[in-house]
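To start, the structure under review is shown below, and the notes come after it.
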Amino acid sequence: MPTRLTNYFLKTLREDPSDAEVTSHRLLVRAGYIRRQAPGIFAWLPLGLRVKAKIEAIIRDEMTAAGAHEVHFPALLPKEPYEVTGRYVDYGDGMFRLADRRGVGYVLAPTHEEVFTLLVKDLYNSYKDLPLSIYQIQDKYRDEARPRAGLLRGREFTMKDAYSFDYTDAGLDVSYQAQRDAYERIFTRLGLEYVIVKADAGAMGGSKSEEFLHPTPVGEDTFVRSAGGYAANVEAFTTLVPAALPTEALPAPTVFDSPNTPTIQSLVALANAGQPRADGREWTAADTLKNVVLAVTQLDGTRELVVVGMPGDRDADLKRAEVAFQPAEVEPANDDDFAKFPGLIKGYIGPWVEGGEKPVLGEESTTGIRYLLDPRVVTGTPWITGANEAEKHVFGLIAGRDFTADGFVEVADVRDGDPAPDGSGPIETARGMEIGHVFQLGRKYAEALGLKVLDENGKLVTVTMGSYGIGVTRILAIIAELNNDDKGLIWPKAVAPFDVYVVATGKDPAVYAAAENIVADLEASGRDVLFDDRPKVSPGVKFRDAELIGVPRIVIVGRGVADGTVEVWNRTTGDRVEVALDGVVAAL
RNA sequence: CGGGGCGUAGCUCAGCUUGGUAGAGCGCUCGGUUUGGGACCGAGAGGUCGCAGGUUCGAAUCCUGUCGCCCCGACCA
């Protein structure tokens with residue numbers, strides 16, 4: 001049966017909703033696909049559900065092809081499994097927590113690793129049962145600090161989450177690859193451009209992780225890629241470490257007076273004015289060692305100061321710092337922090353002090369503060385840096401000879417032109433929106449929840465897992481974001497809510513009779529038809545609605561009927577052609 | 001959580017500076033005309049002006065507080 005507008009649950013809006021800013025949000029609300037319920041939470045109307053179902057069908061198809069089986073968990077779950085793995089705490093404010101009438105704790109699941117693990121533990125005991133891949137398409141809940149951009153970042157969203165279970169690392173590699181391949185097919189079928197980048201596993205834990213990013217300037221993730229094929233989320237980017245240099249024959253460091261030079265810029269200016277380089281080149285910020293003081297707060301509330309030394313032309317990237325120190329929070333040290341460590345002279349911090357028995361920072365330091373270095377600060381490199389006395393800096397301080405560190409850390413910002421760590425050339429940075437993420441979780445969850453099987457030798461082994469997510473509703477929004485014009489949405493055929501939109505115009509009964517025949521023909525040919533059969537609506541309104549709703553093929557039945565023709569309109573290309581009444585199906 | 005903007009009819013908004021009977025367009029209902037690009041005429045229905053307190057003879061308008069929403073940032077498997 002065709003869907004008739006005379007009794008469909010659809011109301012389009014003539015004007016843009018005032019609370020919608022981004023294109024996808026604006027058009028999906030205006031065209032009657034979704035309605036806002038609360039910030040980041042949307043009701044799905046019939047049109048929206050149809051598009052969502054189309055996307056889900058493609059995902060199901062490829063999941064089945066990849067050997068995964070569909071299950072379905074509640075969104076409302078007991079909190080205990082999340083306490084066992086630690087995520088009840090680790091997830092922080094991002095998780096919705098609630099209690100029933102008796103005060104028993106529940107969560108609205110932000111993701112389902114724990115309960116999938118427990119389900120498999122309930123049912124499986126033997127390696128013969130493995131490998132296993134199961135998935136669901138379910139709504140997820142995250143208490144986002146600021147939901148935004150309609151469906152693009154909501155507090156409730158639909159996700160396909162799959163989990164693989166293997167008892168060997170090699171098996172996990174195979175399961176992971178199967179999902180990864182399925183993702184490539186899914187995004188290709190959806191017509192979504194994607195880049196696979198190395199990712200940080202974050203709070204999920206685990207070893208290997210890759211993100212599928214849709215490149216777009218409005219994306220929330222920054223990623224890098226090289227012409228040679230390297231691609232990584234900026235948070236997972238690692239620095240190409242230069243070779244160490246010999247320290248013999250290098251002159252001793254020299255301290256010099258540097259009044260009023262608390263910044264790298266002023267230091268470079270002073271150096272060029274007072275201490276010109278022997279080779280005639282100018283000193284630059286990259287010749288200085290900037291020592292950034294960070295406050296690292298652990299989950300239990302412990303606050304630790306850490307000093308990170310990096311080339312002076314770089315800034316600390318707090319997101320990369322969060323990854324480096326996770327799960328702790330990182331922020332720049334404040335005045336109170338500095339007050340506790342009078343040995344740190346702001347603007348003149350350095351690892352070394354003239355005549356000091358022990359270093360100020362580094363191994364066996366007098367301050368005891370953890371000192372970490374950017375990987376570029378390799379043994380043998382000379383630096384201009386603070387001398388740890390007010391208004392004094394030091395020249396020619398040699399890494400590895402004059403100072404050491406407690407370790408190395410990836411905190412410095414990443415730039416266009418930086419070399420890729422795999423030697424594939426300079427990288428460029430770009431923005432992307434995360435549409436999928438695949439993880440090798442390893443044994444973190446199975447270990448915590450006790451998922452073990454007996455192997456071929458009768459020994460208990462802990463299962464190794466993978467977790468694979470696709471943001472269904474986010475994808476729908478991105479497709480809407482990509483496929484529209486000033487008149488409205490223009491769905492790709494693969495996800496359009498209907499195949500054909502038939503408009504009957506005028507009030508001539510012959511026109512409506514002809515339209516009914518065409519609709520019947522289209523339905524008989526297997527097309528889903530949305531039929532605008534509203535009798536008292538003017539043609540202008542009907543055309544506007546057809547354009548707004550964005551079904552890719554529109555058939556206009558009207559004045560041409562007298563001559564035995566109708567108009568077939570390709571919304572995607574804008575082409576409109578006259579065809580005979582009985583030639584509509586063939587013309588599509 | 002920091003910064004900015006906004007809460008008036010179902011929707012989009014005006015009115016607030018300078019206090020004095022609550023408005024427009026669209027949408028909706030009824031009658032009539034109209035039907036290939038958001039038609040027209042006539043008659044209607046519809047609002048505790050976010051909420052609370054205060055000032056005042058009188059508050060949508062002024063003051064205080066509070067709640068909510070949107071945007072930017074922080075945050076974001």
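Numbers restart at 1 for each chain; the letters A, B, ... are given by sequence-line order, proteins then strands.
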- Query: Does B:U21 have a Watson-Crick or wobble mate here (both distances under 3.5 Å), and if so which one?
  - Reply: none
- Message: Categorize A:Asp545 for me: base, sugar-phosphate, or nothing, with a 4.0 angstrom heavy-atom threshold over every strand shown.
- Response: base
- Indicate, yes or no, whether a donor-acceptor pair under 3.5 Å links the base of B:G68 to the side chain of A:Arg36. no
- Message: Which nucleotide, if any, forms a Watson-Crick or G-U wobble pair with B:A9, using both distances under 3.5 Å?
- Response: none
- Task: Classify the nucleic acid contact of A:Met159 as base, sugar-phosphate or nothing, counting any heavy atom under 4.0 Å across all strands shown.
- Result: base
- Task: Any strand is fair game: report the nucleotide pairing with B:G58 by Watson-Crick or G-U wobble, both distances under 3.5 Å, or none.
- Result: none
- Query: Which value, in whole Å, describes the distance between the P atoms of nucleotides B:G15 and B:G20?
  - Reply: 14 Å
- Message: Do A:Tyr135 and A:Gln179 pair up side chain to side chain, a donor and an acceptor below 3.5 Å, judged on atom types alone?
- Response: no
- Complementary nucleotide of B:C51, counting Watson-Crick and G-U pairs under 3.5 Å: B:G65
- Check if the side chain of A:Glu547 and the base of B:G38 share a donor-acceptor pair of N or O atoms closer than 3.5 Å. no
- Checking only heavy atoms, does the side chain of A:Arg544 share a donor-acceptor pair with the base of B:G36 at less than 3.5 Å? no
Let me check something: any side-chain donor-acceptor pairs from residues 7-16 of chain A under 3.5 Å, sequence neighbours excluded? List them with distances.
{"unit_1": "A:Thr12", "atom_1": "OG1", "unit_2": "A:Asp545", "atom_2": "OD1", "d": "2.8"}
{"unit_1": "A:Asp16", "atom_1": "OD1", "unit_2": "A:Arg26", "atom_2": "NE", "d": "3.3"}
{"unit_1": "A:Asp16", "atom_1": "OD2", "unit_2": "A:Arg26", "atom_2": "NE", "d": "3.1"}

- Message: Please determine whether a side-chain nitrogen or oxygen atom of A:Arg146 lies at a distance below 4.0 Å from atom OP1 or OP2 of B:C72.
- Response: yes
- May I ask you to verify whether the side chain of A:Arg148 and the base of B:C70 hold a donor-acceptor pair under 3.5 Å? no
- Short side-chain N/O contact to B:G27 OP1/OP2 from A:Arg14, under 4.0 Å: yes
- Message: Within the 4.0 Å heavy-atom criterion, would you say A:Val503 contacts the bases, only the backbone, or no part of the nucleic acid?
- Response: nothing
- Item | Cation over ring face, A:Arg35 and A:Phe42, 6.0 Å, 45° | no
- Query: Within the pair A:Ser538 and B:G38, is there a side-chain N or O less than 4.0 Å away from OP1 or OP2?
  - Reply: no
- Query: So which nucleotide does B:A43 pair with, by the Watson-Crick or G-U wobble rule with both distances under 3.5 Å?
  - Reply: B:U29
- Query: Who is the Watson-Crick or G-U wobble partner of B:U35, with both distances under 3.5 Å?
  - Reply: none
- Item | C1' atoms of B:G23 and B:U61, separation to the nearest Å | 14 Å
- Message: Measuring only between side-chain heavy atoms, which start at C-beta, is A:Leu548 closer than 4.5 Å to A:Arg30?
- Response: yes
- NZ/NE/NH1/NH2 to OD/OE distance under 4.0 Å, A:Glu220 and A:Arg474: yes
- Query: Looking only at atom C1', what distance separates B:G36 and B:G32, rounded to whole Å?
  - Reply: 23 Å
- By the Watson-Crick or G-U definition, both distances under 3.5 Å, B:C1 is matched with B:G73
- Base, sugar-phosphate, or nothing: which does A:Ser18 touch, judged by heavy atoms less than 4.0 Å apart? sugar-phosphate
- Task: State plainly whether the residues A:Lys140 and A:Glu156 are in salt-bridge range, i.e. N to O under 4.0 Å.
- Result: no
- Message: With rounding to the closest Å, how many angstrom separate the P atoms on B:G53 and B:A14?
- Response: 28 Å
